[in-house]
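This report concerns only the one structure given below.
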Amino acid sequence: MLRFPTLKEFDLLGHFRPSRRAMENGDTEDYSHSAIEQKWRERWEERGTNSYTRDELGAAEQPYYNLMMFPYPSAEGLHVGNIYAFTGADVHGRFRRMTGENVFEPIGFDAFGIHSENFALKQGVHPMDLIPSNIRNFTRQLRRIGGMFDWTHSVDTTDPSYYRWTQWIFLQLFKAGLAERREGPVNWCPSCKTVLANEQVIAGRCERCETPVEQRRIAQWFFRITEYAERLLDNLDWLDWSDSTRKAQQNWIGRSEGGELCFPVLPAGTSEGAIPASEVLEGLMIKVFTTRPDTVFGATYIVLAPEHPLVEKVTDPEHRNEVDEYRKRAARKDLVARKVESKEKSGVFTGALALNPATGNPIPIWIADYVLMEYGTGAIMAVPGHDQRDFDFAHAFGLPVVRVVAGPGDDAATPLDEAYESDGVMVNSGEFDGLDVVDAKRGIVDKLAEQQLAEPRVNFRLHDWCISRQRYWGPPIPIIHCERCGPVAVPEDQLPVVLPRVANFKPDDSGVSPLARDEEWYRTRCPTCDDPARRETDVSDTFLDSGWYFLRYPSSDFGDRPFDAEITRAWLPVETYIGGNEHAVLHLMYSRFLTMALHDLGHLDFEEPFTKFRAHGLIIRDGAKMSKSRGNVIVPDPIIEEYGADTFRLYLMFLGPFEVGGDYRDEGIQGPYGFLHRLWDTALSATDAPADPEVEGKLHRTIEQLTQQLGELQYNTAVAAMMEYLNVLRTGGRKAARAEVEPLVVMVAPFCPHIAEELWERLGHEGSVFEGAHWPAWDENKAREDQIQIAVQVNGRLRATIAVVREASRDTVEEIARRDDNVARHLDGAQISRVVYVPEKLVNFVL
RNA sequence: GCCGGGGUGGCGGAACGGUAGACGCAGGGGGCUUAAAACCCCCAGGGCUUAGGCCCAUGUGGGUUCGACUCCCACCCCCGGCACCA
């Protein structure tokens with residue numbers, strides 16, 4: 001092989017000066033990462049090392065689906081966070097492959113959505129031109145980092161051959177009654193006359209024109225994910241997922257138990273005084289959800305959300321102006337501000353009264369924006385004595401506060417200067433006085449249930465999934481609106497509904513979706529009655545694209561079905577899914593929901609898509625999050641150029657625990673870089689001598705540790721173990737034996753596939769180190785050390801360490817320990833009350 | 001405010017309740033070299049000590065234990081996420 005001089009062999013004047021090692025040692029050339037990496041990339045490509053044909057996929061004996069979250073192909077290119085995540089997943093996949101499993105590791109592109117659309121608008125490029133070029137660049141970079149990606153099974157969510165099936169999934173849900181059209185709130189910029197995403201609203205104002213953003217309700221498509229809330233929650237118990245992710249999902253679903261209670265509205269003009277609930281049962285009824293039905297005797301007023309439909313009906317003429325005014329003000333806030341703004345309580349009285357079903361007393365009905373229409377019933381019973389928010393409100397508006405729970409040391413008359421939210425004993429609650437709150441909860445609901453005024457109820461924080469987007473860059477929702485037939489599904493054989501190339505996709509002041517301006521496109525005929533009809537002009541949410549992509553990968557070469565039944569049975573559910581916790585709730589929840597729904601509809605025979613999920617950590621730089629404004633963003637290309645992909649990968653994995661993240665320091669890469677140079681040198685100068693038994697012991701302990709840790713994504717300590725082992729191989733300038741270094745080459749392979757392939761070849765092997773189960777096995781007997789170190793403590797303080805043979809008995813160890821000078825001195829003349837002995841670890845003399 | 005993750009040398013980070021600081025970076029000393037790079041060897045938390053060694057030290061304060069970075073309680077700080085969830 002030709003040897004090209006490295007840059008370092010030229011001195012300052014440009015004269016060629018071969019390195020000493022190269023001169024002395026004819027067979028040891030320098031490690032040239034760029035040549036090696038290019039060579040192996042080409043070989044893998046030519047030989048199809050990482051790709052499966054359809055037959056191979058069908059015939060795999062030990063299928064292992066190794067999935068990572070596919071990237072959004074931005075114009076900036078791959079960033080370090082992507083590379084970190086993909087490398088961590090790739091190391092795991094390569095490791096599994098080397099133990100003999102058939103690992104399928106696909107990658108694709110999540111390329112629809114608001115970011116592309118906005119970027120395209122800013123640059124004046126059409127997304128249909130922008131995205132392909134971004135994808136080309138991403139593909140180049142992804143190949144460069146040496147991932148084991150099967151490029152024959154890639155997906156691009158913006159390709160009609162992909163979104164055809166995204167639309168198909170919408171139709172399956174639509175037909176099953178899981179997709180429905182109803183009103184939902186959106187952020188509305190009255191100046192741009194357009195809908196804004198939450199992130200386009202900055203401090204309550206439109207990010208473009210700074211006009212205050214309003215809230216509007218428009219008809220949109222929703223997936224009824226809440227139907228699945230209980231199952232989505234229950235399955236979390238057995239999924240092998242990162243704890244943090246599971247908890248995030250649990251909180252997001254937010255199950256709470258309580259009761260739905262009815263508060264009859266009193267007819268206008270009813271005077272004060274106790275009235276039996278039965279007398280007003282026929283009238284209007286306000287339903288509230290509460291987790292504290294035990295406190296109903298303390299409910300001194302009712303609050304409706306400003307948007308609550310009953311507000312219109314209950315408000316009396318005298319208060320109408322004020323109420324209308326308040327409702328307008330609430331609507332003027334955008335979706336985020338409504339929730340974020342000051343904690344100051346605001347609200348107005350409607351003039352109406354309702355009956356507390358427990359006490360029979362009339363209580364006022366207010367409206368206030370601290371009550372949310374989206375949660376529960378959009379109305380609450382306010383118990384200022386035992387809920388701090390209600391307490392604050394009552395104080396602001398001079399409403400009565402009643403104590404109905406007495407904590408330790410309290411009685412019915414103990415005044416409240418803040419809400420008492422803990423447990424206790426019922427007071428001021430009629431027949432329930434004296435009961436524990438836990439018992440009263442059930443008792444009160446049962447009692448009111450007899451009069452049809454309550455029922456037990458489980459409520460979820462989870463909302464239905466709004467999938468409508470009044471934008472351009474997404475798959476059209478495959479529905480046709482017909483005056484006579486209503487919304488009709490586009491027949492499946494007419495999919496995909498192709499997104500037309502429209503020159504002007506910019507939201508404009510017409511206030512309608514970009515597609516609604518393309519008359520030629522949306523005019524069509526009703527598939528049912530053939531009347532003139534109109535296509536749905538909203539596109540769907542990108543989370544729908546990414547909600548099923550893992551089903552598509554193995555079947556990406558099937559043009560006539562979204563996923564092949566047989567292939568899917570063989571490869572799914574996904575064995576290991578690795579991704580960021582920023583998608584802990586939405587993406588993962590939606591994927592689970594779609595899988596569950598498709599399962600129930602008979603399309604899949606499993607209901608959870610990801611058996612194991614691991615969230616990776618975040619890479620920061622110099623102690624701070626990377627951001628353009630800080631100017632501390634790592635640009636990967638030049639680093640790979642200088643050090644090679646193998647070194648970069650190794651460094652990223654060495655930085656810190658994969659599931660936590662790490663702090664990227666530019667100088668730190670020198671460690672892994674030097675390690676690979678030394679490995680190169682050691683492998684190429686290996687001798688044929690037999691392995692040294694002591695080195696062999698270390699080797700087997702290293703294999704054991706690596707095998708265990710690569711399965712658990714504990715990469716940083718695994719890399720450290722390999723470094724330690726290489727240090728042993730080279731200590732004192734010794735030459736390693738081939739049998740000592742070859743297993744190390746194999747263990748490095750998941751991290752640094754290119755150099756490992758090259759060394760594997762140079763050590764005399766044909767074919768790829770990734771073909772065949774080359775992962776080394778360890779031998780317990782060889783791994784065990786004969787001489788071990790025992791810590792000797794006196795009163796728990798270390799006084800010596802002694803070396804003994806592994807088999808040494810407790811008596812022997814104690815004896816040797818006592819004879820140590822320093823130990824003897826600390827024991828001198830003292831009475832030993834106890835000796836703690838931990839086999840193979842330590843002896844502790846307690847005085 | 002709530003949820004999650006953290007706080008260990010100059011720095012990144014290691015440590016099934018059992019020798020705190022593995023591995024690496026940066027640093028210092030030495031070897032090889034005309035020189036440099038590379039490579040090899042050695043030193044390196046702080047304080048005290050002539051040495052042998054001793055004391056202090058894992059955000060703070062308590063506790064459990066023969067023994068605590070690790071477990072429990074209270075608190076402080078940093079990072080990420082969520083936002084009045086009835």
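In this text the structure is predicted, and so the values were computed from the model without any measurement. Each chain gets a letter, A, B and so on, in the order its sequence line appears, and its residues count up from 1.
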Nearest of A86(B), A14(B), C40(B) to any side-chain atom of Leu372(A)?
-> A86(B)
Which heavy atom of Leu713(A) sits nearest a heavy atom of Phe658(A), and at what distance?
-> O-CB, 3.6 Å
Could you work out which one of A26(B), C82(B), A15(B) sits closest to the side chain of Glu667(A)?
-> A26(B)
Between G45(B) and C69(B), how far apart are the C1' atoms? Round to whole Å, please.
-> 15 Å
Within the structure, does a side-chain N or O atom of Arg665(A) lie under 4.0 Å from either OP1 or OP2 of G13(B)?
-> no
Is there a side-chain polar atom (N or O) of Arg797(A) under 4.0 Å from OP1 or OP2 of G53(B)?
-> no
Would you kindly check whether a donor in the side chain of Glu582(A) faces an acceptor in the base of G80(B), or vice versa, at under 3.5 angstrom?
-> no
Of the candidates C54(B), A22(B), C66(B), the side chain of Glu724(A) sits closest to A22(B)
What does Asn727(A) touch in the nucleic acid at a heavy-atom separation under 4.0 angstrom: a base, only the sugar-phosphate, or nothing?
-> sugar-phosphate
Of the candidates G12(B), G18(B), U19(B), the side chain of Lys841(A) sits closest to G18(B)
Classify the nucleic acid contact of Ser244(A) as base, sugar-phosphate or nothing, counting any heavy atom under 4.0 Å across all strands shown.
-> sugar-phosphate
Please check the phosphate of A38(B) (OP1 and OP2 only) for any side-chain N or O of Arg730(A) closer than 4.0 Å.
-> no
When every non-hydrogen atom of Leu236(A) is compared with those of Leu232(A), the smallest separation belongs to CG-O, 3.4 Å
Regarding the side chain of Asn844(A), the nearest nucleotide among G67(B), A20(B), A14(B) is G67(B)
Checking C85(B), G67(B), A86(B) against the side chain of Arg461(A) (C-beta onward), the nearest is C85(B)
Could you check which of A86(B), A14(B), U19(B) has an atom nearest any side-chain atom of Asn716(A)?
-> A14(B)
Does Thr731(A) place a side-chain N or O at less than 4.0 Å from the phosphate oxygens OP1/OP2 of C41(B)?
-> yes
Closest of C66(B), G24(B), C54(B) to the Arg825(A) side chain is C54(B)
